Amino acid sequence: MSTAQDLARRQAIAAYDVVGRPPEDDLQGLVELAAAVCDVSAAAINIIDDRHQHQVAAVGMEASVCSRQDSMCAQVFQGGQRVVVPDARVDDRFARNPFVTGLIGKVRFYASSPLVTPSGIPIGTLCVFDDDARDLSEPAARSLELLAAQVVDVLELRRTHRELTRSNEQLARFAGQVSHDLGNPLAALRGFLELASSSPELADAPFATMALSRAELAADRMNALVVDLLEYARVGGKARRTAVDLGAVVAAVVEDLDAQLAESGATVHVGELPEVTGDETLLRALLQNLLANAVKFTAASGVAPVVSVACDEISDGWRVAVDDNGPGVEPQDRERVFGLMERASSTVDGVGIGLSTCRRIVEAHGGLMGIDESGSGGASVWFTLPG
């Protein structure tokens, strides 16, 4: 009957998805290094489940599978400590093992270090062995422990990569569904706007005509944004590289924020902005978030927002800053607010995703992002872009 530990080990091994596959280069490299460091003829990475020992990488022999009952490592791997046996023939744990008696092999020297997952579950060993009796120096034994930890690190990285791949695939499917769900009402909205703008009743209503025209442009930009974000999700979040006019991007952002700016009495000053290389959709989302935040947090403090967007050339690219005259961000919080679900103030609506997303966009472009104090005592949120 399987114990709880057996079940946990089985789940951990399944999550690593390494059993039954050809030896991977990274694991093969570690087992070869273990043999060289310990100066032995053979070494193996063993994964041990309920019934079998699976050699997922080996040197000095072909990687194979044997029953757990015959495995030398199965006798000791759950102890959680390295084992060094100069001569297995005189060790009660191994003297009658078929790998020692000659039935399968003639192992004399044996040493192993357990493979223990971050949650504390032993799943196998990194072992070295030889046909001649000998000992292992303390530095070599310590190296064996370190290499065993590296084996687990490699397995964890492989597991994380697979999970991220699955997550990106799910994100793409979700984005496709959201794009479809948004596309239908957005198409209807654009149709009604077009119908309204062509109505003869608007012939003598220039203000309404202008408002409808701006609404149509906003609907077109929203449609483009939905399409581009869907493409972004499909390619796994990789930023595209095209020439982007930052001045034009900020102008479009200010246009989209017109209602928010008017309501708060905000003033936006935009300096000369360069043409950069990047993903226009992502950079627009970045700047729209930063400008909207600057207006929102400043207005919430009871001050008419004055926001400026400026850019300076630096040695390896550009540094763009969005400054405001609001309450600012305390020095001890300037890194925290970039965390997912972290908020600069509990008095302002939001769930704390914006700045985390902004930093991801900047990092996808190879840049950095941070917060300083602006000249007026508010926040100066800056980011860099490579030249």
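Predicted model only: the values in this text are computed from it and were never measured.
A salt bridge between Glu138 and Arg82 is present, with a side-chain N of the basic residue lying under 4.0 Å from a carboxylate O of the acidic one. Of the charged side-chain nitrogens involved, none lies within less than 4.0 Å of a carboxylate oxygen, so that Arg334 and Glu330 do not count as a salt-bridged pair. Between Asp132 and Arg134 there is no salt bridge, since no side-chain nitrogen of the basic residue lies less than 4.0 Å from a carboxylate oxygen of the acidic one. A salt bridge links Arg214 with Asp258: at least one charged nitrogen is closer than 4.0 Å to a carboxylate oxygen.
Looking at Ser374, its side chain does come within 3.5 Å of a backbone N or O of Asp324 through a donor-acceptor pair. Looking at Gln55, its side chain does come within 3.5 Å of a backbone N or O of Ser64 through a donor-acceptor pair. Of the possible donor and acceptor atoms, none in the side chain of Ser264 sits under 3.5 Å from a partner among the backbone N and O of Lys296. Listed for the Ser301 side chain is a donor-acceptor partner under 3.5 Å among the backbone atoms of Thr298. Checking side-chain atoms of Asn325 against main-chain N and O of Val306 turns up a donor-acceptor pair under 3.5 Å. Without hydrogens or angle criteria, Gln260 side chain to Ala292 main chain gives a donor-acceptor distance under 3.5 Å. Between the Ser71 side chain and the Cys66 main chain, no donor and acceptor come within less than 3.5 Å of each other.
More than 12 heavy atoms of other residues, nucleotides or ligands lie within 6.0 Å of NE2 in His269, so this atom counts as buried by the packing criterion. Atom CD of Gln332 sits in a crowded spot, with more than 12 heavy atoms from other residues, nucleotides or ligands closer than 6.0 Å.
What you find for Ala304 and Gly265 is that their closest heavy atoms are CB-O, 4.1 Å. Closest approach of Ile13 and Ile48 over heavy atoms only: CD1-O, 3.5 Å. Closest heavy-atom contact between Val76 and Arg93: CG1-NH1, 3.8 Å. Pro386 and Gly366 make their closest contact through CG-O, 3.7 Å (heavy atoms, listed as atom of the first residue, atom of the second, distance). Residue Arg9 comes nearest to Pro122 through the heavy atom pair NE-O, 2.8 Å, listed as atom of the first residue, atom of the second, then distance. Here the closest non-hydrogen pair linking Pro23 and Ala57 is CB-CA, 4.2 Å.
Note that CD of Glu313 is 4.0 Å distant from CH2 of Trp318, once rounded to the nearest 0.5 Å. We find the CZ-CE distance between Phe129 and Met72 to be 8.5 Å, quoted to the nearest 0.5 Å. Taking CE of Met369 as the reference point, atom OG1 of Thr384 lies at 10.0 Å (rounded to 0.5 Å). Atoms CG and CG, from Leu126 and Leu144 in turn, are 5.0 Å apart once rounded to the nearest 0.5 Å. Distance check, rounded to the nearest 0.5 Å: SG of Cys73 to CG of Asn46 gives 4.5 Å. Interatomic distance, CZ of Arg336 versus CG of Leu355, reported as 10.5 Å (0.5 Å rounding).
The closest side-chain heavy-atom distance from Pro305 to Phe297 is not below 4.5 Å. Contact of the Leu291 side chain with the Val254 side chain is registered, since non-hydrogen atoms from C-beta on lie closer than 4.5 Å. By the 4.5 Å heavy-atom criterion applied to side chains, Arg241 and Asp279 are not counted as neighbours. Annotation: side chain of Val65 is not in contact with side chain of Gln53 (no heavy-atom distance under 4.5 Å). For the pair Val276/His365, no side-chain contact is recorded, criterion being any heavy-atom separation below 4.5 Å from C-beta on. Side-chain contact between Pro118 and Glu156: present, with at least one pair of heavy atoms (C-beta onward) separated by less than 4.5 Å. Counting only heavy atoms from C-beta outward, the side chains of Cys38 and Leu136 approach each other to under 4.5 Å. Under the 4.5 Å side-chain criterion, counting only non-hydrogen atoms from C-beta, Leu146 is in contact with Arg142.
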When you look at Val85 and Phe109, which way does the side-chain contact (heavy atoms from CB on, under 4.5 Å) test go after all the steps? CA-CA 6 Å; Val85 180; Phe109 167 74; over 6 Å; no

Is there a side-chain contact (heavy atoms from CB on, under 4.5 Å) between Arg10 and Asp50? Walk through the geometry before answering. CA-CA 7 Å; Arg10 189 184 306 162; Asp50 299 1; 2.3 Å; yes

Show your working on side-chain contact (heavy atoms from CB on, under 4.5 Å) between Trp382 and Ile371 and close with a plain yes or no. CA-CA 6 Å; Trp382 56 267; Ile371 302 176; 5.6 Å; no

Apply the test salt bridge (charged side-chain N to carboxylate O under 4.0 Å, His left out) to residues Glu163 and Arg159: give CA-CA distance (whole Å), side-chain angles for both, the deciding distance (0.1 Å), then the verdict. CA-CA 6 Å; Glu163 290 178 354; Arg159 178 186 62 79; 2.8 Å; yes

Dump the intermediate steps for salt bridge (charged side-chain N to carboxylate O under 4.0 Å, His left out) on Asp372 and Arg319, then the final yes or no. CA-CA 13 Å; Asp372 292 331; Arg319 183 183 187 276; 3.3 Å; yes

Between Ile123 and Phe77, is a side-chain contact (heavy atoms from CB on, under 4.5 Å) present by the stated rule, with each step listed? CA-CA 8 Å; Ile123 60 168; Phe77 81 106; 5.8 Å; no

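One hydrophobic cluster, built from ILVMFWY side chains closer than 4.5 Å, cannot hold both Val381 and Ile314; they sit in different ones. The hydrophobic clustering, which links ILVMFWY residues whose side-chain heavy atoms are closer than 4.5 Å, places Val249 and Val268 together. With hydrophobic clusters built from ILVMFWY side chains whose heavy atoms lie under 4.5 angstrom apart, Leu257 does not share a cluster with Val303. By the rule that hydrophobic residues join a cluster once side-chain heavy atoms approach within less than 4.5 Å of another member, Val152 and Val83 end up as members of separate clusters. Leu147 and Ile45 end up in the same hydrophobic cluster when Ile, Leu, Val, Met, Phe, Trp and Tyr side chains are linked at under 4.5 Å.
Side-chain polar atoms of Asp49 and His54 form a donor-acceptor pair below 3.5 angstrom. Side-chain polar atoms of Asp130 and Ser41 form a donor-acceptor pair below 3.5 angstrom. Residues Gln75 and Arg68 have side chains that never bring a donor and an acceptor to within less than 3.5 angstrom of each other.
Screening Val107, Thr101, Val100 for a side chain to side chain contact (heavy atoms under 4.5 Å, CB included) with Arg89, the sole residue that qualifies is Val100.
In this structure Tyr16 satisfies the ring-ring contact (aromatic ring centres under 6.0 Å, His included) test with no other residue, sequence neighbours excluded.
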